[in-house]
Amino acid sequence: MSKVARRRKVEGVKPKISRGLPVRARLKCVDNTGAKLLMIIGVHGYKGRKDRIPTASVGDMVSVVVKKGRYDLMHKPFKAIIVRQRMPYRRKNGQWVVFEDNAAVLVNDDGTPRGSEFRGPIAKEAIERWPSLSVVSAQVV
């Protein structure tokens, strides 16, 4: 497989967003794959100081394990994209965005969603970075 074919479908530059989700944070899974509760075990592309706990924010791809949900998904590692975070972050236009929960959706290696529908609003920053999520999302904030 060539290097270009393995590249993930990421577009655009990620804006600077307050990182509110450290490793071991628990998130709701808002797609219809059967997973209910996820735990972050790693952040893809995180570059930080040694021994510092990696953190993630809206639009980041993370490695997760399923803590509650369908039995065949339990305790297996998956990739997910964070679509909502409780910690407030500021957009370029000065608007502050806060969601009432932390949420993510399960995706394949190339960033395409595993589920066929999402529950609740999805942050605009996640859609801009991962355009394949816009096909499935119903409400973008």
Colleague: List the atom of S132, the atom of G111, and the distance in Å for their closest heavy-atom pair.
Modeller: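 Heavy atoms only, the tightest pair is OG-O, 3.0 Å.
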Colleague: Which is it for I82 and N102 under the side-chain contact (heavy atoms from CB on, under 4.5 Å) test, yes or no, and what are the steps along the way?
Modeller: CA-CA 8 Å; I82 297 172; N102 300 320; over 6 Å; no
Colleague: How far apart are the closest heavy atoms of L27 and A104, and which atoms are they?
Modeller: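 So the two residues come closest at CD1-CB, 3.6 Å.
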Colleague: Please test V58 against V83 for side-chain contact (heavy atoms from CB on, under 4.5 Å), starting from the C-alpha separation and ending with a verdict.
Modeller: CA-CA 5 Å; V58 167; V83 294; over 6 Å; no
Colleague: Show me the donor-acceptor pairs within less than 3.5 Å that the side chains of residues 118-126 make with the rest of the protein, sequence neighbours left out.
Modeller:
from : atom 1 : to  : atom 2 : distance (Å)
R119 : NH1    : D31 : O      : 3.4
R119 : NH2    : C29 : O      : 3.2
R119 : NH2    : D31 : O      : 3.2
E125 : OE1    : Y89 : OH     : 2.8
E125 : OE1    : R91 : NH2    : 3.4
E125 : OE2    : R91 : NE     : 2.6

Colleague: Supply the atom-to-atom distance K16 NZ to S57 OG, rounded to the nearest 0.5 angstrom.
Modeller: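 Answer for the NZ-OG pair, K16 versus S57, is 9.5 Å.
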Colleague: So if you build clusters from Ile, Leu, Val, Met, Phe, Trp, Tyr with side-chain heavy-atom gaps below 4.5 Å, do V30 and L106 land together?
Modeller: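 Result: no, two separate clusters.
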Colleague: Donor-acceptor pairs under 3.5 Å, side chain of residues 48-56 to any protein atom, not counting sequence neighbours: which ones?
Modeller:
none

Colleague: Do V141 and V105 share a hydrophobic cluster, counting only Ile, Leu, Val, Met, Phe, Trp and Tyr and linking them when any side-chain heavy atoms are less than 4.5 Å apart?
Modeller: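 Each belongs to a different hydrophobic cluster.
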Colleague: Suppose we screen for salt bridge (Lys or Arg N to Asp or Glu O under 4.0 Å). Which residues come up paired with D60, at least two apart in sequence or across chains?
Modeller: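 Result, salt bridge (Lys or Arg N to Asp or Glu O under 4.0 Å) vs D60: K14, R19, R129.
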Colleague: Scan the side chains in residues 66-77 for donor-acceptor partners under 3.5 Å anywhere in the protein, sequence neighbours excluded, and list what turns up.
Modeller:
from : atom 1 : to  : atom 2 : distance (Å)
R70  : NE     : D72 : OD1    : 2.8
R70  : NH1    : T33 : O      : 3.0
R70  : NH2    : D72 : OD2    : 3.2
K76  : NZ     : D72 : O      : 2.7

Colleague: Taking M87 as the starting point, is it possible to reach V97 by hopping between hydrophobic residues whose side chains are less than 4.5 Å apart?
Modeller: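 Different clusters.
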Colleague: Between N32 and G115 (side chain of the first, backbone of the second, donor and acceptor by atom type, cut-off under 3.5 Å), is there such a pair?
Modeller: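 Here the side-chain-to-backbone pair does not exist.
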Colleague: If you compare all heavy atoms of N108 against all heavy atoms of M61, which two are closest, and at what distance to 0.1 Å?
Modeller: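 N108 and M61 have their closest heavy atoms at O-CE, 4.3 Å.
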Colleague: Taking only residues at least two apart or on different chains, which pairs with a member in residues 97-106 satisfy salt bridge (charged side-chain N to carboxylate O under 4.0 Å, His left out)?
Modeller: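 For residues 97-106, and leaving out neighbouring residues, the salt bridge (charged side-chain N to carboxylate O under 4.0 Å, His left out) pairs sorted by first residue read K28-D101, R84-D101.
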Colleague: Please check if the side chain of Q85 supplies one atom and the backbone of A103 the other of a donor-acceptor pair under 3.5 Å.
Modeller: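 Not a single qualifying donor-acceptor pair exists.
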Colleague: Going by side-chain heavy atoms closer than 4.5 Å, which hydrophobic residues are tied to V65, directly or by a chain of links?
Modeller: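 Hydrophobic cluster check, V65: joined to M39, I41.
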Colleague: Does V107 share a hydrophobic cluster with V64, counting links as ILVMFWY side-chain heavy atoms below 4.5 Å and allowing steps through other members?
Modeller: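 They do not share one cluster, since no chain of ILVMFWY contacts under 4.5 Å joins V107 to V64.
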Colleague: Tell me every residue that passes side chain to side chain donor-acceptor pair (under 3.5 Å) with S63, counting only those two or more places apart in sequence or in another chain.
Modeller: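 Checked S63 against side chain to side chain donor-acceptor pair (under 3.5 Å); matches are H44.
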Colleague: Looking at every non-hydrogen atom in both residues, tell me the closest pair between W96 and P88 and how far apart they are.
Modeller: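 Closest approach of W96 to P88: CE3-CB, 4.0 Å.
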Colleague: Restricting to non-hydrogen atoms, name the atom on P113 and the atom on V136 that form the minimum distance, rounded to 0.1 Å.
Modeller: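 The pair with the smallest heavy-atom distance is CG-CG2, 3.7 Å.
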Colleague: Decide whether I81 and Y46 are clustered together by the hydrophobic rule: side chain heavy atoms of Ile, Leu, Val, Met, Phe, Trp, Tyr closer than 4.5 Å, transitively.
Modeller: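 The answer is no; the residues belong to distinct hydrophobic clusters.
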